[in-house]
Structure formats: C-alpha cells, structure tokens
Amino acid sequence: MKRHLHELFSSALEHLRANGALPRDAAYEIRFARSRQPHHGDFATNLALTLAKIARRSPREMAQLIVDALPESQWLARVEVAGPGFINVFLVPGAQFEVLRRIREQGDRYGHAEPGRRILIEFVSANPTGPLHVGHGRGAAYGDALARILSAVGHHVESEYYVNDAGRQTDILALSVWLRYLELCGETTSYPENAYQGDYIFDIAATVHREHAILFCRSADEIYSTLDAADPESRLDALIQRAKDLLGPHYQTVLKTGVETILEDIRGELKQLNVEYDSWFSERALVTQAEVERVIADLKRTNYMYQRDNAWWFRSTAFGDEKDRVVVRAGGEPTYFASDIAYHLNKLDRGFDQLIDIWGADHHGYIARVRGALQGLGENPDRLTVLLVQFAVLYRGSEKVSMSTRSGDFVTLRELRQEIGVDAARFFYVLRKSDQHMDFDLDLAAAQTNENPVYYVQYAHARICSVFRQASDLGLDVGRLDSADLAQLTEPQEHKLGATLSRYSDVLHSAARDYEPHQLAYYLRDLATEFHTYYNAHRFLDVEPELRLARLLLVDATRQIICNGLNLLGVGAPESM
RNA sequence: GCGCCUGUAGCUCAGUUGGAUAGAGCGUUGGCCUCCGAAGCCAAAGGUCACAGGUUCGAAUCCUGUCAGGCGCGCCA
C-alpha cells in the first residue's frame, strides 16, 4: 500500500515539475507515516512541508497543489491538507483488510522474504569457567531472537558460540578444581581468594576424585614450598605453574574435565532457553592448528607491528584506538587479542558477508582494536558489526547483587528460569532495548510472574484458539475463510486490528534493520491489546454467517501473526493456558 | 582526567530516524462476567521529556555546555 501511495505522489510531483510549479532540480524524498490518530487518516506525509521553501510557497498552498495533481486511485477515499501542511490520506474501507488474505495464504511464512546476506552471529560466548548467570541471559535472549528475525527477513544466518578454552581463565579453573580435589584427598590447602569460589568447583573436583581416585594427589609441602609471589595474582600464576610441573600430562586431564563439565552445563541451560547454536568454536583449536601463529606472522609483515620492551605491539592507534595493543607478550605468549584476530579472520574466511558479534558493554573499548586489526590485514572492517548489550544491574529488593563469576556470588540463569519460566524470562529480557541499562529486580521478576506481559500476548493466542474450538464444537462451518467478504468488517475495533496486522511486515523489517528485537515484542503487545479490546466488544460466532466468516478470518490472521512473532522471540504460543 | 552508554509518570520502560494533543505495563481510584476464557475490558488521576542555550515552519529526538548515574581505559579474558 505504501508503494502504491509512493507511485501516486511521484506522479503528482512530476506533473508539478512539468508545469513549472516546482523547480526542475528540486530534490525530495517521499515518506509516509502511519497516522496515530484516526481523524488524521491512515497515512500522512510531510512532503509539502519539506518542499515549501524550495517552491517558494506556503506549506499549505504547496500541499494543496500536490493533492490537486494526484491521479485517481481505487484505494483512496479522500486526501486532506491539515495542520501546518501535512497531507493526510484516507483509504477506502476494505483496503486495510487486503492483508488478511495474504496472511491466510502464507501462514507461518508470512512476513518472510527472499534470501539476503550470509550472516554469522556470535553471542553469549561466556568463558567456560562457571555456570551462566543472569547477565548472560540477556545476551542469549537478544542474540537468539535477532538471529531468528534476521533469518525471517531472508538472510542466511548461522549462530556460533566462541569457547574461550585456552588462556589464563581456564588455568585458574583447572587450579581451582585441583585444589578442591586435594582437599578431598585429605590435603590441607590454603585456597586462594582469587580462585573460583563457586560450589560447582566442589562438584567437578568430586568427579575428578571419583574417576581418578588419588592419582593426582600431591602433598601440600610440594605445592607450597619455595612459592614466592609479590601479589595475589602472581601467586595464582605461580600456583598454576606449580600444578603444571607436578601433574605433567595429568594437568590437561583436570583442565579438560573442568571445561567440559561446565560447557555441558552451559549447553544444557541454553537449550532449556530454546537457544541452540549451529556451531561451537574452540579457541584451543585455533591455537593448536597454528592459526594464531599464522596471523601474527601476517601482522608482522604489515607496517602495523613493532617491538617494544620485548613485546610485539599492534599499532591500533592508526585505526582510531586510544593506544597500541600487545599481541605477543615479552615471554613469547600471544595475548587473547591475538587469538581473537585469528578467530575473526577465520570467520571471514568461511565466506560470510557479515559478522555480528554481541558483546557485553564492558567490552566496548575492544571494538576499535579488532576492527583495526582486520583493516590492517587488508580486510574491510565494515564486515564486522559489534552490538553491545548493556549490563543488567541486579537487585534483590533494593539491594544490589554482584555478578562476579570468580567470587561465586551471583545468581545463575538456571535459578531465574526455574523461578519464572522460559517464556517469561525470554520476553522480559527482550522487552528492553539492548543498549539500554536495565534494572533487574529478581524479587519483582518472581513476584510479577503472573503479570508478565508475555502471558498477556499468549492469552490472546489461546483465546483465539479457544474460539475456533468452540466453533468446531458447535459444528459451524469455518472451512471457507478464504472466501470471506471483507466488506463485512466495519467496526472501529476491526479497522484498528486490521491496521495493526498490516504493520507486522514493517515491524519485522525494521527490527531486523536496526537489530532491535524489542520492536517486535512491543508490537506483539499492541496487537494483543487490539485483540482483547475487540474480543470484549464483539462476538464472533453468534452472528450472521457472512459476518462470522469475515470476523473469523480477521481473528485467525491475528492468531497467525502472534504465533509467528512469538516464535521469532523464542517464546511458545500455547493453544490453551 | 579521557572514551562509550544513559537521564521521559511514584516504579520499570517505549517513543516508527525532526512531525500534529509525549505513550504502555506495574502501582493508585472507580466501573464491567445469567453472554465464545476476568491471565481480560472500560474510565480516572499521574509529565517543566535532568538543566541551560542553539539550529528551523516544528525538537523528547539534531548541536554545544552543565549536572547526575553505569561501564571502560592491563604484557587479564
């Protein structure tokens, strides 16, 4: 319909140009907005306001000229000049409902489009050093909904979890597990405060003890003797080194048991949340397959690498970063940055047009250096889009809850899901713009379970299903919905519902373009409101057959759109509740 | 100190890329089930869009400054 209006107005402007009312070279962009108020018609454009100055006429005069030059159309009831010079378009009564037939025809594919770009979207990617906490849930809900939406508008989308199974954090995990294991062996350890504190460490240690008995047991004397370190962090590093020395090849067994146990837990929890990845990519694989080395060598061949204090630095300031960054440490160890460059190159080499990374907002300072590295290596940095998810600040009542994995003082995603359920959790997360800070009151989230907006939307769906069950019980003929006479729909609630349904496709594409699933969530709530209002004002079954058929078509299309929309958010659409 | 994000109803948040009278949920107040699901509907109260300037036909939206909050500024990941 918008396209049709566009053609009409273009034609009018051409006409005005031809007769000299508009300068030949006048630039313009015709845009239509859906009117908020019924007396402003169905669509409005500010075209005349933008053209008034160029044409040296008053905005209202300009608007009238355009209106007079409009060609005839079967869909337009009337066109008005209003306010300072808006042009309001009123459609003929049936026009708003044409969309119902298309929804009916296309079913759960309605709103989807033709194939577009190849996109790889990476999200959550939490270190496998502890269970997912409530903060990770936001990235999961956001990333998965976005992947589904992008896929729905026609892109080829693959989702990936980057597993940081190499590096210091996993070493700290291995050390933590080993020390707890030693306690099970009867050794007295002094457990470092900066090792992982969570109870899950005990569980993994117990597994190791069950499977390997006292094979990895070493005496406290061996471990702590001649261990000198200035500060807690270097003491931790010294302990890790000691563990590697004392355990030899067994160290890897402890580490792998830890990482794999936690990864299994993460995988399971995400699956519970209806989040399933196409691939899980291991950082360790990048290292063992020498891709990191290769990238470092490639970087050294560019002009963007230099040595200082025995370390290799990448000149990221050349690409807008605040300072240059170390790629290879003085000791010869590559940094996390190095493997991250290799990872992103690997993703590009797999043939994706666009990479989308979803990061926590605390990593925002990291964007410039990664894009810089890609550019330095001759890649187009615009192929990488980094979307930031702001932190959720957790409260219990008015008390702030910490979310540090190392301290063990956090609320797990599992606890939240078990408390409020998958649907409520996912809808709650996605009901906020991702770059908006969010106050997440756990007590409130639990208390508001019954008031969660997701039930409002699901209830509309269930109600419609119930109507059709009733129809079937009464033996009413609902098999001919396709032949319904749309002219029967004349009530204001029907007009509003029809208008909202016809907006779905716009909303979907807008949500995909802006990477904003929350647009869809808000839309679904609006749609549910329109339906509930309609439901309370009118009856569907107990009316004349022709009217009944038309109303059932309208209501069935509503059910279809709610179902499609909820699915894109990873939320179920129950037929009864 | 520098950089990024944010400031909208008592609380939690939207606001369609600068449009007409700034919206919703929760909370508060008052109505609606002999009728296809009351997890619903209808109505009321509640606002100096942090503050001050600027840009223009027109600003919650764009620019500048001030104030307040979150995050970041490692040879950690």
Side-chain angles (χ1 to χ4, degrees), chain A residues 31 33-37 39-40 44-46 49-50 52-53 58-59 82-86 88 126-127 129 164 166-170 172 233 237 283 308-313 321-323 325-331 333-337 339-340 360-368 388 390-391 393 428 431-433 435-441 444 447-460 462-471 473-474 476 503 506-507 510 513-514 516 518-519 521-523 525-526 528-529 531-537 539-542 576-577:
Chain A
R31 302 172 78 156
R34 289 172 196 278
S35 305
R36 282 191 203 133
Q37 321 234 350
H39 67 273
H40 289 151
T45 178
N46 61 352
L49 289 165
T50 60
K53 191 175 269 183
S58 80
F86 291 103
N88 293 334
N127 286 343
T129 52
N164 295 119
R168 183 164 180 262
Q169 296 301 328
T170 51
I172 298 175
E233 287 300 315
D237 288 330
E283 179 187 5
R308 196 178 75 201
D309 303 334
N310 291 323
W312 280 93
W313 297 70
D321 200 2
E322 296 169 1
K323 52 181 78 166
R325 309 290 175 175
V326 171
V327 177
V328 183
R329 284 186 268 254
E333 276 280 299
T335 60
Y336 175 81
F337 180 38
S339 47
D340 222 18
D362 54 335
H363 285 65
H364 69 78
Y366 205 74
I367 300 174
L388 296 177
Q390 286 291 341
F391 259 37
V393 184
F428 193 83
L431 204 55
R432 277 137 177 81
K433 216 162 56 173
D435 62 355
Q436 178 69 259
H437 302 274
M438 119 188 213
D439 286 347
F440 200 133
D441 187 331
L444 201 64
Q448 285 190 349
T449 294
N450 287 320
E451 280 96 46
N452 192 303
V454 74
Y455 298 112
Y456 182 79
V457 178
Q458 290 181 321
Y459 184 49
R463 261 184 158 177
I464 296 170
C465 292
S466 174
V467 167
F468 278 89
R469 279 195 297 271
Q470 295 281 339
D473 289 350
L474 293 170
L476 296 174
R503 247 176 61 208
D506 290 352
V507 170
S510 168
R513 184 198 57 212
D514 302 333
E516 292 184 345
H518 81 275
Q519 289 188 28
Y522 275 90
Y523 167 82
R525 232 182 39 182
D526 286 349
T529 298
F531 169 74
H532 286 309
T533 300
Y534 181 37
Y535 183 94
N536 272 274
R539 303 177 63 72
F540 310 131
L541 301 178
D542 190 16
S576 65
M577 50 195 290

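Chain letters run A, B, ... following the sequence lines, proteins first, then strands; residues in each count from 1. The model shown is predicted, which means the values in this text are computed figures rather than measured ones.
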### Message
On the side chain of H363(A), is there an atom forming a donor-acceptor pair with the base of G72(B) - under 3.5 Å, no angle test?
### Response
no
### Message
Just to be sure I understand the rule, does N46(A) reach a base, reach only the sugar-phosphate, or reach nothing, if contact means heavy atoms closer than 4.0 Å?
### Response
base
### Task
Decide whether T129(A) and Q169(A) meet the rule of one side-chain donor and one side-chain acceptor closer than 3.5 Å.
no
### Task
Tell me the partner of U29(B), counting only Watson-Crick (N1-N3 plus N6-O4 or O6-N4) or G-U wobble (N1-O2 and O6-N3) with both under 3.5 Å; none if nothing fits.
A43(B)
### Query
Which word best sums up how the rings of Y336(A) and Y366(A) line up, parallel for under 30°, tilted for 30 to 60°, or perpendicular for over 60°?
tilted
### Task
Check every strand shown and say whether S58(A) touches a base, only sugar-phosphate, or nothing at a heavy-atom separation below 4.0 Å.
nothing
### Query
So do L541(A) and V467(A) actually touch side chain to side chain, heavy atoms under 4.5 Å?
yes
### Between G27(B) and U66(B) - C1' atom distance, rounded Å
34 Å
### Minimum side-chain heavy-atom gap R525(A)-L431(A) below 4.5 Å
yes
### Query
Which part of the nucleic acid, if any, lies within reach of H518(A) when heavy atoms closer than 4.0 Å are counted: base, sugar-phosphate only, or nothing?
sugar-phosphate
### Message
From the set C75(B), G7(B), C73(B), return the single nucleotide nearest to any side-chain atom of E322(A).
### Response
C73(B)
### Message
When both hydrogen-bonding distances must be under 3.5 Å and the geometry is Watson-Crick or G-U wobble, what is A22(B) paired with, if anything?
### Response
none
### Query
Are any of the side-chain heavy atoms of E233(A) and R168(A) separated by less than 4.5 Å?
yes
### Message
Closest-nucleotide mapping onto RNA chain B: is A537(A) or N310(A) further toward the 5' terminus? I mean the 5' end.
### Response
A537(A)
### Selection from G37(B), U17(B), C5(B) that lies nearest to any side-chain heavy atom of Q390(A)
C5(B)
## Note on the structure
With the side chain defined as heavy atoms from C-beta on, D362(A) is closest, among C71(B), A77(B), G37(B), to C71(B)
#### Entry: Nucleotide G18(B), atom P - distance to CZ of F86(A) in whole Å
14 Å
### Message
My understanding is that a pair needs two contacts under 3.5 Å, Watson-Crick or G-U wobble. By that rule, which nucleotide pairs with U64(B)?
### Response
A52(B)
### U17(B) glycosidic torsion: syn (within 90° of 0) vs anti
syn
### Distance, rounded to the nearest Å, where E333(A) contributes CD and C76(B) contributes C1'
13 Å
### Query
Among G37(B), G74(B), U17(B), which nucleotide sits nearest the side chain of Q470(A)?
G37(B)
#### Entry: Which nucleotide in G37(B), C5(B), A77(B) has an atom nearest any side-chain atom of D435(A)
C5(B)
### Query
What is the distance, rounded to the nearest whole Å, between atom OH of Y534(A) and atom C1' of C36(B)?
13 Å
## Note on the structure
Of the listed U17(B), G25(B), A39(B), the closest approach to the Y459(A) side chain comes from A39(B)
### Query
Nearest 0.5 Å, what's the CZ-CG distance between R34(A) and D506(A)?
5.0 Å
### Message
Students often get this wrong, so: under 4.0 angstrom with heavy atoms, is D237(A) touching a base, only sugar-phosphate, or nothing?
### Response
nothing
### Query
Tell me: CG of N88(A) to C1' of G19(B), nearest whole Å?
11 Å
### Task
Report yes if at least one side-chain N or O of T533(A) is closer than 4.0 Å to OP1 or OP2 of C42(B); otherwise report no.
yes
### Query
G72(B), C36(B), A39(B): which one has an atom nearest the side-chain heavy atoms of Y455(A)?
A39(B)
### Query
So what does Y522(A) touch, heavy atoms closer than 4.0 Å: a base, only the sugar-phosphate, or nothing?
sugar-phosphate
### Query
Please give, in whole Å, the distance from C36(B) C1' to R469(A) CZ?
11 Å
#### Entry: Nearest-angstrom distance from the residue atom CZ of R432(A) to P of G25(B)
15 Å
### Task
Describe the nucleic acid contact of A460(A) in one word from base, sugar-phosphate, nothing, applying a heavy-atom distance below 4.0 Å.
nothing
### Among A39(B), C36(B), A14(B), the one nearest R539(A) by side-chain distance
C36(B)
### Message
Under 4.0 Å, heavy atoms only, any strand: does Y456(A) hit a base, just the sugar-phosphate, or nothing?
### Response
sugar-phosphate
### Task
Please work out if Q519(A) contacts a base, only the sugar-phosphate, or nothing of the nucleic acid, heavy-atom cut-off 4.0 Å.
nothing
### Task
Could you tell me whether C32(B) is syn or anti, where syn means a glycosidic angle within 90 degrees of zero?
anti
### Query
Are L388(A) and D435(A) side-chain neighbours, meaning at least one heavy-atom pair lies under 4.5 Å?
no
### Task
Would you indicate whether the side-chain heavy atoms of F86(A) and T45(A) approach each other to under 4.5 Å?
no
### Query
How is D309(A) classified with respect to the nucleic acid when contacts are heavy atoms under 4.0 Å: base, sugar-phosphate, or nothing?
base
### Query
Of S510(A) and G83(A), whose closest RNA chain B nucleotide lies nearer the 5' terminus?
S510(A)
### Query
Now, which nucleotide makes the Watson-Crick or G-U wobble pair with A77(B), with each of the two distances under 3.5 Å?
none
### Task
Using only side-chain N and O atoms of R329(A), determine if any of them is under 4.0 Å from OP1 or OP2 of C76(B).
yes
### Query
With a non-hydrogen cut-off below 4.0 angstrom, is H532(A) in contact with a base, only sugar-phosphate, or nothing?
sugar-phosphate
### Task
Would you check if H40(A) stacks with the base of A20(B), given a 5.5 Å centroid limit and a 30° plane limit, both strict?
yes
### Query
Once the angle between the rings of Y535(A) and F531(A) is folded into 0 to 90°, is it parallel (under 30°), tilted (30 to 60°) or perpendicular (over 60°)?
tilted
### Message
Just to be sure I understand the rule, does Y366(A) reach a base, reach only the sugar-phosphate, or reach nothing, if contact means heavy atoms closer than 4.0 Å?
### Response
base
#### Entry: Rounded P spacing from A24(B) to U16(B) in Å
16 Å
## Note on the structure
Re G3(B): Watson-Crick or G-U wobble partner, both distances kept under 3.5 Å, found to be C71(B)
#### Entry: H39(A) side chain, from C-beta outward: closest of G72(B), C57(B), U21(B)
U21(B)
### Task
Report the nucleotide, chosen from U6(B), C41(B), C76(B), that has the shortest atom-to-atom distance to any side-chain atom of Q436(A).
U6(B)
### Message
Under 4.0 Å, counting only non-hydrogen atoms across every strand here, what does R168(A) touch: a base, just sugar-phosphate, or nothing?
### Response
sugar-phosphate
### Message
Under 3.5 Å for both donor-acceptor distances, Watson-Crick or wobble: does C36(B) have a partner, and if so which one?
### Response
none
### Task
In whole angstrom, give the distance that lies between atom CG of N452(A) and atom P of A24(B).
19 Å
### Query
Is there a side-chain contact between P453(A) and V457(A) (heavy atoms, below 4.5 Å)?
no
#### Entry: Distance, rounded to the nearest Å, where K323(A) contributes NZ and C76(B) contributes P
13 Å
### Task
Return the stacking result for G40(B) and Y535(A): yes when the ring centres lie under 5.5 Å apart and the planes under 30°, no otherwise.
no
### Task
Would you mind classifying the nucleic acid contact of A330(A) as base, sugar-phosphate or nothing, using non-hydrogen atoms under 4.0 angstrom?
base
### Task
Select base, sugar-phosphate, or nothing to describe what A471(A) touches, counting heavy atoms under 4.0 Å on all strands.
nothing
